[in-house]
Amino acid sequence: MDKMIQETEKKWFLLETEADYKDATSRYEQIKYAEKGSELHREKMLLGHLIAEYEKRLWDLPDVDPVEMIKIRMEDFGYNASTLAKVYGDRGTISKVLNYKQSLSLTMIRKFSQLLKIPVEWLIREYPLKKAV
């Protein structure tokens, strides 16, 4: 295993800036498969907590349904339906979801949570679909 992955000199504190957040998420990705019970696993668990707390403070999310939340975050990041289709792979399905004609799939929830920085808990909420005419 690469020395960078095995150990870190950095001491972790509360994440206060976007740079702190990027450092923490980058490090988390490097050690996410650390063996349970190891020092790296303990570091991974700490980073997971710090990242979640930062995201909670940063994103004061409005109380809206999952599709509306996706639309808000798309606007925040300057994304469009094509951007989502590149991540998910099917523009037609994206269109149906954004128009409330089809529910989000588990795969979409996972991918959009990561892309749009929306907690999974927000995307699994129930919401009404439009009836087919």
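Computation of the quantities below employed the complete heavy-atom set of this structure, encompassing side-chain atoms and omitting hydrogens, waters and symmetry-equivalent molecules.
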Do the side chains of [Y] and [X] get nearer than 4.5 Å, heavy atoms only?
X: Arg73; Y: Phe112; value: no
X: Leu98; Y: Met74; value: yes
X: Ile124; Y: Pro66; value: no

Just checking Gln114: does its CD atom have more than 12 heavy atoms from other residues, nucleotides or ligands closer to it than 6.0 angstrom?
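For Gln114, atom CD is not crowded (no more than 12 foreign heavy atoms under 6.0 Å).
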Give a yes or no on this: more than 12 heavy atoms of other residues, nucleotides or ligands lie within 6.0 Å of atom NZ of Lys71.
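Atom NZ in Lys71 is packed in, count exceeds 12.
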Residues 78-86 side chain polar contacts: donor-acceptor under 3.5 Å, at least two apart:
{"residue": "Asn80", "atom": "OD1", "partner": "Ser82", "partner atom": "N", "Å": "2.9"}
{"residue": "Asn80", "atom": "OD1", "partner": "Thr83", "partner atom": "N", "Å": "3.0"}
{"residue": "Asn80", "atom": "OD1", "partner": "Thr83", "partner atom": "OG1", "Å": "3.2"}
{"residue": "Ser82", "atom": "OG", "partner": "Arg91", "partner atom": "NH1", "Å": "2.1"}
{"residue": "Thr83", "atom": "OG1", "partner": "Asn80", "partner atom": "N", "Å": "3.2"}

Which pairs with one or both residues in residues 100-110 pass side-chain hydrogen bond (donor to acceptor under 3.5 Å, both in side chains), sequence neighbours excluded?
Asp65-Tyr100
Calculate, to the nearest 0.5 Å, the distance between atoms [atom1] and [atom2] belonging to [X] and [Y] respectively.
X: Thr25; Y: Gln30; atom1: OG1; atom2: CD; answer: 10.0 Å
X: Leu15; Y: Lys22; atom1: CG; atom2: NZ; answer: 13.5 Å
X: Glu43; Y: Lys10; atom1: CD; atom2: NZ; answer: 10.5 Å
X: Leu47; Y: Glu29; atom1: CG; atom2: CD; answer: 11.0 Å

Which pair of heavy atoms, one from [X] and one from [Y], lies closest together, and at what distance?
X: Ser113; Y: Pro119; value: OG-C, 4.1 Å
X: Asp20; Y: Leu14; value: OD2-O, 4.2 Å
X: Tyr54; Y: Glu16; value: CE1-C, 4.0 Å
X: Phe77; Y: Lys117; value: CZ-CG, 3.9 Å
X: Leu123; Y: Ile109; value: CD1-O, 3.6 Å
X: Tyr28; Y: Ile51; value: CB-CD1, 4.0 Å

Go through Leu104 and Tyr127 one step at a time and tell me if the side chain to side chain contact (heavy atoms under 4.5 Å, CB included) criterion holds.
CA-CA 10 Å; Leu104 286 160; Tyr127 61 95; 3.8 Å; yes
Pick out which of Val97, Leu115, Ile94 makes a side chain to side chain contact (heavy atoms under 4.5 Å, CB included) with Tyr88.
Ile94
Using the test side-chain contact (heavy atoms from CB on, under 4.5 Å), find all partners of His41 that sit at least two apart in sequence or belong to another chain.
Ala34, Lys36, Ser38, Lys44, Met45
